Each structure stands twice: as C-alpha cells, then as structure tokens.
Amino acid sequence: MIGRLNHVAIAVSDLAAAVANYRDTLGAKVSEPQAEPDHGVTVVFVELPNTKIEFLEPLGEDSPIAKFLEKNPGGGIHHVCYEVDNIIEARDKLKAAGARVLGDGEPKIGAHGKPVLFLHPKDFCGTLTELEQA
Ligand code: CO
C-alpha cells in the first residue's frame, strides 16, 4: 500500500540554527521558511536527491509540536510520511485492520497542498506516521 518516503519531519526549537547546520555543515539545499499558521508550525524543506527533510518549528500559542519539544528540547524526529495512491482507500483498509487514524479521520490538506492523514504512533513502531496522497 505505501509507496515512496515523502519526507521525514524533524521538530526543532531553533529553526535558524537547524537551517545553518544542514546548509553549512551538511551542505544541503534548504528552502526559505514557510509559515503555516493553520498547522501551528513554520516549515523549512531540505531537498535531498531521494526524499525531503522538513524542519518544523512551533508557530503561535498552541502548536501541535510544542509538547513534543517539551519532551525533546534538543529536537528530534517527529514523524515520517509515506505516499499512497488513494488516501481514502488506504484509510479504510487501515481502520479495518484496527489502526487508529488521528483526528476526525478525514484527510486534511498538508504543507504540500495534498490530502494527508496521521496514524497513531503506538500502532506503527512508536512513530507518528503521515500518509500523503501523491
Ligand atoms: Co509531514
């Protein structure tokens, strides 16, 4: 069912430091920061030849990543995102298999303008898992 690894998201408390680290130390191609007020994060995309890394920095009062950074003050891997061909089909199959879909179970439009869903980390090896309809 799942296809390509679309991105790995890393939560950071200091986006500028993360950008400098990846750009200057690792020599990666890094985008301009993009504020996503609807998602409570500012995002930077790191373009790699085979996938992307996304840095997420909290934006606004109740950012969904605030708690994660409280527990991981130095930052850390927040989620992985896999591509699927049909997100509704994937969701229904996963629900039938007993996996928990977060929120109201309806796909939301993600940072790339495509429908996404999140799956409970306890059902997938302790890792918050995002599905994106490619
Ligand atoms: Co994501």
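We're numbering straight along the sequence, starting at 1. Order of appearance sets the numbers: ligands from 1, and atoms from 1 within every ligand. Small disclaimer: the values here were computed from a predicted structure and weren't measured. These values consider heavy atoms only, across backbone and side chains, with no hydrogens, waters or symmetry-generated copies.
- Looking only at its N/O/S atoms, Glu130 has OE1 as the one nearest to the Co ion (ligand 1).
- Contact check for Leu128 versus Leu102: side-chain heavy atoms found under the 4.5 Å cut-off.
- A distance of 4.0 Å separates CZ in Phe68 from CG in Asn72, rounded to the nearest 0.5 Å.
- At a cut-off of 2.8 Å, His79 is counted among the residues with an N, O or S atom near the Co ion (ligand 1).
- In summary, no N, O or S atom of Glu132 is located under 2.8 Å from the Co ion (ligand 1).
- Remark: the Glu130 side chain and the His78 side chain contain no N/O donor-acceptor pair separated by less than 3.5 Å.
- For residue His7, an N/O/S atom approaches the Co ion (ligand 1) to within less than 2.8 Å.
- Between Leu131 atom CG and Leu117 atom CG the span is 6.5 Å, to the nearest 0.5 Å.
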